[in-house]
Amino acid sequence: MTVWAELGWGLVFGAAMLVVAFNYRDVAWRIHGFMSNTVGANRLLTPTMVRFVCGVLATTSLVSAAFGLAWSE
C-alpha cells in the first residue's frame, strides 16, 4: 500500500508542477507576485525562474515515480 501511495503522491505532485511550468492561468505570475512582496526576495525570482524550477521538480518527480513503479514489480 505504501508503494501505491508514494506513486500517487509523485504523480499528483508532478502534475501540479507541470501546471505551473506550463503557466496555466498565469500561475507562475501569481507565485511571483506573492513571493516578491516578502522580505528577502531576490531579483532572480522571476516568473520564468518559477516555471523553470517547477519544470525541473515535475520532471524529477515523474521520473522517480516511473522508476519506483518499475522497481516495485
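- Pairing each heavy atom of Ala58 with each of Gly14, the nearest pair is CB-O, 3.6 Å.
- For the pair Phe34 and Ile31, the minimum side-chain heavy-atom distance is 4.5 Å or more.
- The shortest distance between side-chain heavy atoms of Val53 and Val20 does not fall below 4.5 Å.
- Val56 and Phe13 fall within a single hydrophobic cluster, where Ile, Leu, Val, Met, Phe, Trp and Tyr are joined by side-chain heavy atoms under 4.5 Å apart, directly or via other members.
- The cluster map of Ile, Leu, Val, Met, Phe, Trp and Tyr, joined by side-chain heavy atoms under 4.5 Å apart, puts Leu57 and Trp9 in the same cluster.
- Here the side chains of Val50 and Trp29 are not in contact, with every heavy-atom distance at 4.5 Å or above.
- Taking both residues in full, the closest heavy atoms of Leu45 and Met35 are given as CD2-CB, 3.5 Å, listed atom of the first, atom of the second, then distance.
- Residue Tyr24 is not grouped with residue Met17 when hydrophobic side chains (ILVMFWY) are merged at heavy-atom distances under 4.5 angstrom, including chains of intermediate members.
- Among all heavy-atom pairs drawn from Ala28 and Arg51, the shortest one is CB-CG, 3.4 Å.
- No path of Ile, Leu, Val, Met, Phe, Trp and Tyr side chains, each step under 4.5 Å between heavy atoms, connects Val27 with Val12, placing them in separate hydrophobic clusters.
- Taking both residues in full, the closest heavy atoms of Ser61 and Gly10 are given as OG-O, 2.8 Å, listed atom of the first, atom of the second, then distance.
- When every heavy atom of Arg30 is checked against every heavy atom of Arg25, the shortest pair comes out as NE-O, 3.4 Å.
- In this structure, the separation between OG on Ser64 and CD on Glu6 is 6.5 Å, given to the nearest 0.5 Å.
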